[in-house]
Amino acid sequence: MDFIIDATVKAVKHLYQTTITPAEVSLQETRKEFEGQVTIVTFPFTKFSRKSPEQTGTEIGEYLKNELTEVSGFNVIKGFLNISISNAYWLEQLYKVITAADFAVFKPNGKKVMVEYSSPNTNKPLHLGHVRNNLLGYSVAQILSAAGYEVIKTNLVNDRGIHICKSMLAWQKFGNGETPESTGEKGDHLVGKYYVVFDKEYKKQIEELKAAGQTEEEAKKNAPLIKEAQEMLLQWEAGNDAVIDLWQTMNGWVYEGFAKTYEKMGVAFDKYYYESNTYLLGKDIVDEGLAGGVFFKKADGSVWIDLTADGLDEKLVLRADGTSVYITQDMGTAQLKYDEFKMDESIYVVGNEQDYHFKVLFLILQKLGKTWARGLFHLSYGMVDLPSGKMKSREGTVVDADDLIAEMESTARKVTEELGKINDFSEEEKVKLYHTIGMGALKYFLLKVDPKKRLLFDPNESVDFQGHTGPFIQYTHARIKSVLSRATITNLNAEPRELAAGERDLIVVLTQFPEVINQAAIAFNPGAVANYIYEVAKAYNKFYHEHSILQAEDELIKQFRLQLSAASARVISKGMNLLGIEVPERM
RNA sequence: GCACUUGUAGCUCAAUUGGAUAGAGCACCUGACUACGGAUCAGGAGGUUAGGGGUUCGACUCCCUUCAAGUGCACCA
């Protein structure tokens with residue numbers, strides 16, 4: 001629609017002798033209740049025209065109608081100039097743009113972006129919160145890739161630390177040699193079980209010590225289990241063979257389990273980082289900061305940065321004993337990633353409880369003069385809440401990722417069997433379809449919401465399959481495919497004389513796809529894509545009900561509608577792909 | 001206490017980044033071609049955009065303030 005904007009700039013110059021920039025022309029979609037497809041807001045021009053908004057709009061409308069063959073008419077309501085674009089223009093859009101092989105395919109923009117997501121701890125299985133993280137990260141990577149970026153998907157695995165030692169210790173003491181093979185339990189779940197066992201036994205000891213007269217605080221410090229776990233961590237750091245062996249075995253179990261869950265979720269990574277390899281990094285950056293005067297040393301030898309001038313606090317970056325803290329490690333990892341990939345941008349998909357941490361991290365790196373720090377971005381997303389409040393692993397109120405996926409599949413099976421449309425499918429095909437539909441429902445449900453908002457998930461109320469949902473969109477796609485399978489497209493440029501409103505509106509929606517991808521990429525927001533595809537599906541279903549395709553009035557119209565249908569199916573399929581959702585041919 | 005985020009229909013979410021009478025879905029009510037797939041479509045009802053002030057032609061959107069919810073404020077990660 002740039003040509004409308006350019007012409008409007010000319011109109012203002014011609015009519016009111018004022019030069020404005022294209023950015024000053026506010027163009028929007030015309031609201032459904034009015035005639036036209038695009039609307040120019042003319043209030044701002046009344047300054048130069050010195051006329052009423054209505055008069056200004058009429059004058060510009062007249063100018064556009066005379067100058068542009070594409071403009072077939074206009075109407076003015078208050079400061080809104082609604083412009084009708086000719087059918088010929090929309091048909092041209094359909095045949096020259098939308099059906100072209102390169103529609104919504106962006107040329108490589110020469111920029112490299114890293115998306116870090118998932119980043120699990122290896123002491124427990126993935127839950128609903130991780131699911132949101134994984135789906136967001138994967139979708140954002142897909143969208144950036146579609147927008148022309150070269151994307152590197154990374155996973156920084158938190159595979160070390162006291163929490164890992166807790167699972168290890170509990171297994172050692174209470175595990176009786178259980179393995180995934182011996183129990184048939186998924187490795188991550190088995191290890192998670194012992195993390196819970198640790199917590200239970202630890203609490204028992206605390207109670208005993210309290211009964212013996214210690215305060216809560218003392219008891220927490222003195223309980224034999226926690227001391228053993230701390231000792232185990234020291235041994236791990238010292239490279240004790242037995243501890244390292246156990247650590248590798250148990251982490252191996254967890255990785256096997258994670259791999260299955262990742263596969264079911266349909267996410268993948270180009271590069272894994274492990275904290276066991278990166279936790280010592282960052283010390284040279286501390287030296288660098290000290291030399292440059294960005295950091296300072298306190299009397300006890302600890303190293304700090306003063307961020308009070310930026311409205312933040314003083315922040316410790318190295319302990320007095322010379323060991324790293326969390327942020328030291330993150331500084332080092334950021335440097336490592338940049339050295340390895342030289343990316344222009346780097347997105348961290350991490351929950352909003354770490355907002356402050358990332359604010360500080362990015363600020364420190366900027367103060368250190370790292371030019372690449374400007375490209376760092378924390379994609380912060382809201383917590384997933386249950387109706388009962390926050391998920392708490394200790395209280396058993398977490399929604400487990402594997403359970404959730406299984407439930408979605410079984411709901412999909414139930415709904416599909418009731419409708420009985422795919423009774424000729426083999427069992428294998430059915431299982432695949434149930435997975436596609438179940439995940440479609442779940443992914444769409446989680447991704448349509450603005451990432452920064454918290455999300456409410458009610459496990460008792462199964463995710464809907466009707467209305468504004470993934471399956472609705474998948475159904476629309478399957479239905480189009482069904483129609484297409486009953487006819488052949490023979491005429492690639494069938495131009496009907498008339499264009500019904502429903503047909504034109506569908507074309508208008510389809511033309512917006514590239515811009516939607518662009519906006520979603522800028523905002524790192526899959527929700528924009530999700531809501532858009534829903535608009536496409538709705539517009540298609542409306543068109544479908546209003547017009548017969550296979551029994552069209554004549555062959556020319558039939559060919560046109562087939563083309564329009566095929567184009568809609570492609571946009572739906574590509575758009576859903578950006579969300580990591582598959583669309584079936586039949587369902 | 002301080003900082004950040006959020007607050008829109010009974011519920012779950014939108015609103016082209018300052019534009020028109022704030023839109024969808026679910027739930028509720030009323031209808032639809034003996035079918036190209038009814039997991040659909042058309043319609044009805046449902047709102048003081050948490051409250052109050054301000055900025056301007058115009059505010060869900062920006063500023064101030066009050067309230068509510070969440071998160072953070074470790075020499076944990």
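In this text the structure is predicted, and so the values were computed from the model without any measurement. In what follows, every chain begins at residue 1, and chains take the letters A, B, ... in the order their sequences are listed.
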| Spacing between A/M576 atom CE and B/A39 atom P, to the nearest angstrom | 17 Å

| task | State which residue, out of A/Y348, A/F524, A/F362, fulfils the ring pair (Phe, Tyr, Trp, His ring centres under 6.0 Å) condition with A/F377. | result | A/F524

Each nucleotide N or O in nucleotides 17-24 of chain B that has a protein N or O under 3.5 Å away: list the pair and distance.
from  : atom 1 : to     : atom 2 : distance (Å)
B/G19 : O2'    : A/Q28  : NE2    : 3.4
B/A20 : OP2    : A/R31  : NH1    : 2.9
B/A20 : N6     : A/T39  : OG1    : 3.0
B/A20 : N6     : A/N82  : OD1    : 3.0
B/A20 : N1     : A/N82  : OD1    : 3.1
B/A20 : N1     : A/N82  : ND2    : 3.4
B/U21 : OP1    : A/K78  : NZ     : 2.9
B/G23 : OP1    : A/R31  : NH2    : 3.0
B/A24 : O2'    : A/Y534 : OH     : 2.9

| Pairing partner (Watson-Crick or G-U wobble, both distances under 3.5 angstrom) of B/A35 | none

| query | On a whole-Å scale, what distance lies between the C1' atoms belonging to B/U61 and B/G7? | reply | 14 Å

| Below 4.0 angstrom, N of the basic side chain to O of the carboxylate: do A/E546 and A/K542 qualify? | yes

| field | A/E418 bridged to A/R413 by N-O distance under 4.0 Å | value | no

| task | Searching all strands shown, indicate the nucleotide that pairs with B/G1 (Watson-Crick or G-U wobble; both distances under 3.5 Å). | result | B/C73

| query | Any chance the rings of A/Y534 and A/H468 have centres within less than 6.0 Å? | reply | yes

| According to a strict under-4.0 Å criterion, is A/K448 in side-chain N/O contact with OP1 or OP2 of B/U12? | no

| message | With a 3.5 Å limit on both atom pairs, tell me what B/A24 is paired to, counting Watson-Crick and G-U wobble, or say none. | response | B/U12

| field | Spacing of A/N423 atom CG relative to B/G37 atom C1', expressed in whole Å | value | 14 Å

| Is it the case that A/R160 places NZ or CZ above or below the six-membered ring of A/Y274, under 6.0 angstrom from the centre and within 45 degrees of the axis? | no

| message | What verdict does the salt bridge (Lys or Arg N to Asp or Glu O under 4.0 Å) test give for A/E59 and A/K51, after you've listed the backbone C-alpha separation in whole Å, the side-chain angles of each residue and the deciding distance to 0.1 Å? | response | CA-CA 10 Å; A/E59 287 176 359; A/K51 290 171 182 160; 2.9 Å; yes

| note | side-chain hydrogen bond (donor to acceptor under 3.5 Å, both in side chains) test vs A/N75 passes for just one of A/T39, A/N82, A/T58, namely A/N82

| said: Working note: A/Y195 + A/H163, criterion ring pair (Phe, Tyr, Trp, His ring centres under 6.0 Å); need CA distance, chi angles, decisive distance, verdict. | reply: CA-CA 8 Å; A/Y195 185 68; A/H163 49 294; 7.4 Å; no

| message | Counting only heavy atoms from other residues, nucleotides and ligands, does the tally under 6.0 Å from CD of A/E217 exceed 12? | response | no

| In this structure, which one of A/N155, A/V254, A/N158 forms a side chain to side chain contact (heavy atoms under 4.5 Å, CB included) with A/P120? | A/N155

| message | Distance check, C1' atoms only: B/A45 and B/C67, in whole angstrom units. | response | 31 Å

| said: Over all strands shown, is A/L456 touching base, sugar-phosphate only, or nothing at heavy-atom distances under 4.0 angstrom? | reply: sugar-phosphate

| task | Measure the distance from NZ on A/K421 to C1' on B/C36 and round it to the nearest whole Å. | result | 13 Å

| remark: Of B/A14, B/C36, B/A39, the nucleotide closest to the side chain of A/S482 is B/C36

| said: Among B/C26, B/A39, B/C13, which nucleotide has an atom closest to any side-chain atom of A/M587? | reply: B/A39

| query | Between B/C41, B/C36, B/A14, which nucleotide gets closest to the side-chain atoms of A/V449? | reply | B/A14

| request: Mind telling me whether A/Y532 and A/F513 have parallel, tilted or perpendicular rings, with 30° and 60° as the class edges? | output: parallel

| Partner nucleotide, any strand, of B/U61 [Watson-Crick/G-U, under 3.5 Å] | none

| query | Now, which nucleotide makes the Watson-Crick or G-U wobble pair with B/U6, with each of the two distances under 3.5 Å? | reply | B/A68

| query | How does protein contact run along nucleotides 71-77 of chain B, one letter per nucleotide 5' to 3', with B for base contact, S for sugar-phosphate only, - for none, heavy atoms under 4.0 Å? | reply | SS--BSB

| said: Considering every strand and a 4.0 Å limit on heavy-atom distances, what is the contact class for A/F472: base, sugar-phosphate, or nothing? | reply: sugar-phosphate

| field | Contact list for RNA chain B against residues 554-571 of chain A - heavy-atom distance below 4.0 Å | value | none

| said: Could you identify the nucleotide paired to B/G43, looking across every strand shown and requiring Watson-Crick or G-U wobble geometry with both distances under 3.5 Å? | reply: B/C29

| query | Are A/K298 and A/E314 close enough for a salt bridge, meaning some N to O gap below 4.0 Å? | reply | yes

| task | With heavy atoms under 4.0 Å as the rule, sort A/H547 into base, sugar-phosphate or nothing. | result | base

| query | Over how many whole Å does the gap from A/Q466 atom CD to B/C28 atom P extend? | reply | 11 Å

| message | If you assign each of A/D464 and A/N531 to its closest nucleotide in RNA chain B, which residue comes earlier from the 5' end? | response | A/N531

| said: Checking understanding here: a glycosidic angle within 90° of 0 is syn, the rest anti, so what is B/U17? | reply: syn

| said: Over all strands shown, is A/A478 touching base, sugar-phosphate only, or nothing at heavy-atom distances under 4.0 angstrom? | reply: base

| message | Looking at B/U48, which nucleotide sits across from it as a Watson-Crick or G-U wobble partner, both distances under 3.5 angstrom, or is there none? | response | none

| Value in whole Å for how far the C1' atom of B/C13 lies from CZ of A/R132 | 12 Å

| request: Search all heavy atoms of A/A552 against all heavy atoms of A/I557 and return the closest pair with its distance. | output: CB-CG2, 4.0 Å

